2 protein chains.
Amino acid sequence: MKLSTKGRYGVRAMFDLAQHMGEGPVSLKSISERQGISEHYLEQLIAGLRKAGLVKSVRGAQGGYLLGREPDKIKVGDIIRVLEGPIAPTECVSEEDPECCTKSEYCVTRTIWEKVRDSIAEVLDSITLETMLEDAQKFESERSLYMYYI
Amino acid sequence: MKLSTKGRYGVRAMFDLAQHMGEGPVSLKSISERQGISEHYLEQLIAGLRKAGLVKSVRGAQGGYLLGREPDKIKVGDIIRVLEGPIAPTECVSEEDPECCTKSEYCVTRTIWEKVRDSIAEVLDSITLETMLEDAQKFESERSLYMYYI
DNA sequence: TGGATATCTTATTAAAATAGTCGGAATTTG
DNA sequence: CAAATTCCGACTATTTTAATAAGATATCCA
């Protein structure tokens, strides 16, 4: 039940792009340095995000990547689905083309996995890059308040 | 974000034991035949469940396994934790000994994984073998009602 | 125009996890 | 004693993960 680095790195990279909106294209090199992720590896991950339209690319010198749409229109669930595949604790309850076991038309355990799937999807789809930016801002202001009283 | 066969087979095996309560020890062989799971592989899985006290074993001929406690006291989350380890979409939010990344004391993405972890745990801990038995019974009666009208 | 900076594409790889398999020892029943 | 069973440790093939590497293509800027 672990997320792979693909999903985790992907969310961090997308959040990094969100934090640098309005500064023109952001190079993979700068993302990889800030986030401590291999540049070559990031390249693979972002290729998928680009094909899915979550990022736009600008080639050539001074090129880089930009968010494919407004941060409030990019859900964490979108990113995870691109990089990790459909949300599903088991194949038989995959969000797309579930391969049902033929053994039984009704399966008591399947209903469990469906509930798990839905609860994961609900969390991931309730968080957007926009809400992440707000959370980060909120923390920043709380921290400076705290610093003030020391 | 996939459950491995360990967790899936484990839940099915435990549910099988619940369905055969009161019939004396249930052999691995019979479970593996009913569930279509390799007997040798099941052996490995049930060893962990036994050490955790979720099942009791009876050695020798006519031996087998029994639930370690009443089915309403065995949560699906208990089974999953034994076979898959602590519930956690990432190491940094593991239910036990989370290995926090040293990079930042506060991490916007970590709060996401915490929410995912908690929502998974809530689902898995809300379902017991008892509730699974009830669900199976409910389906059975619904199905016979349906059959009646055909 | 040419060099520096980037993205894009494909192939390869080392390590770990997954999903078993195998053989045999120990225990209990009839 | 023989059959049925749990118990235990070692082995293995396949897949996935997490990169690494090399080079082609595109664009900016001096």
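None of the values given here were measured: they were computed from a predicted structure. In what follows, chains are A, B, ... by sequence order, proteins preceding strands, each numbered from 1.
- Ion pairing between A:Glu130 and A:Lys73 fails under the 4.0 Å rule for side-chain N and carboxylate O.
- The closest side-chain heavy-atom distance from B:Val26 to B:Met21 is not below 4.5 Å.
- Whole-Å rounding puts the B:Met1 CE to D:dT17 P distance at 13 Å.
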Pick out the pairs of N or O atoms, protein on one side and nucleotides 6-13 of chain C on the other, that lie under 3.5 Å.
| unit_1 | atom_1 | unit_2 | atom_2 | d |
| --- | --- | --- | --- | --- |
| C:dA6 | O4' | A:Gly60 | O | 3.2 |
| C:dT7 | OP1 | A:Leu28 | N | 2.9 |
| C:dT7 | O2 | A:Arg59 | NH2 | 3.2 |
| C:dC8 | OP1 | A:Ser57 | OG | 2.4 |
| C:dC8 | OP2 | A:Arg50 | NE | 3.2 |
| C:dC8 | OP2 | A:Tyr65 | OH | 2.6 |
| C:dC8 | N4 | A:Glu43 | OE1 | 3.4 |
| C:dC8 | N4 | A:Glu43 | OE2 | 3.3 |
| C:dT9 | OP2 | A:Arg50 | NH2 | 3.0 |
| C:dT9 | O4 | A:Glu43 | OE1 | 3.0 |

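- Of the possible polar contacts, none joining the B:Arg50 side chain to the B:Ser57 backbone as a donor-acceptor pair under 3.5 Å is found.
- Rounded to whole Å, atom P of D:dC7 lies 13 Å from atom NZ of B:Lys56.
- B:Tyr41 places its OH atom 6 Å from the P atom of C:dG20, with the value rounded to the nearest Å.
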Go through it in stages, so that I can follow the logic: the residues are A:Trp113 and B:Val123, the test is side-chain contact (heavy atoms from CB on, under 4.5 Å), and I'd like the CA-CA distance, side-chain angles, deciding distance and then a yes or no. CA-CA 9 Å; A:Trp113 314 139; B:Val123 170; over 6 Å; no
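- Regarding contacts with the backbone of D:dA18, a side-chain N or O of A:Ser4 is found under 4.0 angstrom from either OP1 or OP2.
- Remark: B:Tyr9 is in phosphate contact with C:dG20, judged by side-chain N or O atoms under 4.0 Å from OP1 or OP2.
- For the pair B:Leu3 CG and C:dA17 P, the computed distance is 17 Å after rounding to whole Å.
- In this structure, B:Ile37 atom CD1 and C:dT21 atom P are separated by 12 Å, rounded to whole Å.
- The nearest whole Å value for the distance from the CG atom in B:Leu45 to the C1' atom in D:dC8 is 15 Å.
- From A:Gln19, atom CD reaches atom CD of A:Gln137 across 10.0 Å, with rounding to the nearest 0.5 Å.
- No donor-acceptor contact under 3.5 angstrom links the side chains of A:Tyr9 and A:Ser4, judged on distance only.
- Not one side-chain nitrogen or oxygen of B:Ser38 sits closer than 4.0 Å to the OP1 or OP2 atom of C:dA19.
- Between B:Glu91 atom CD and C:dA16 atom P there is a gap of 14 Å when expressed in whole angstrom units.
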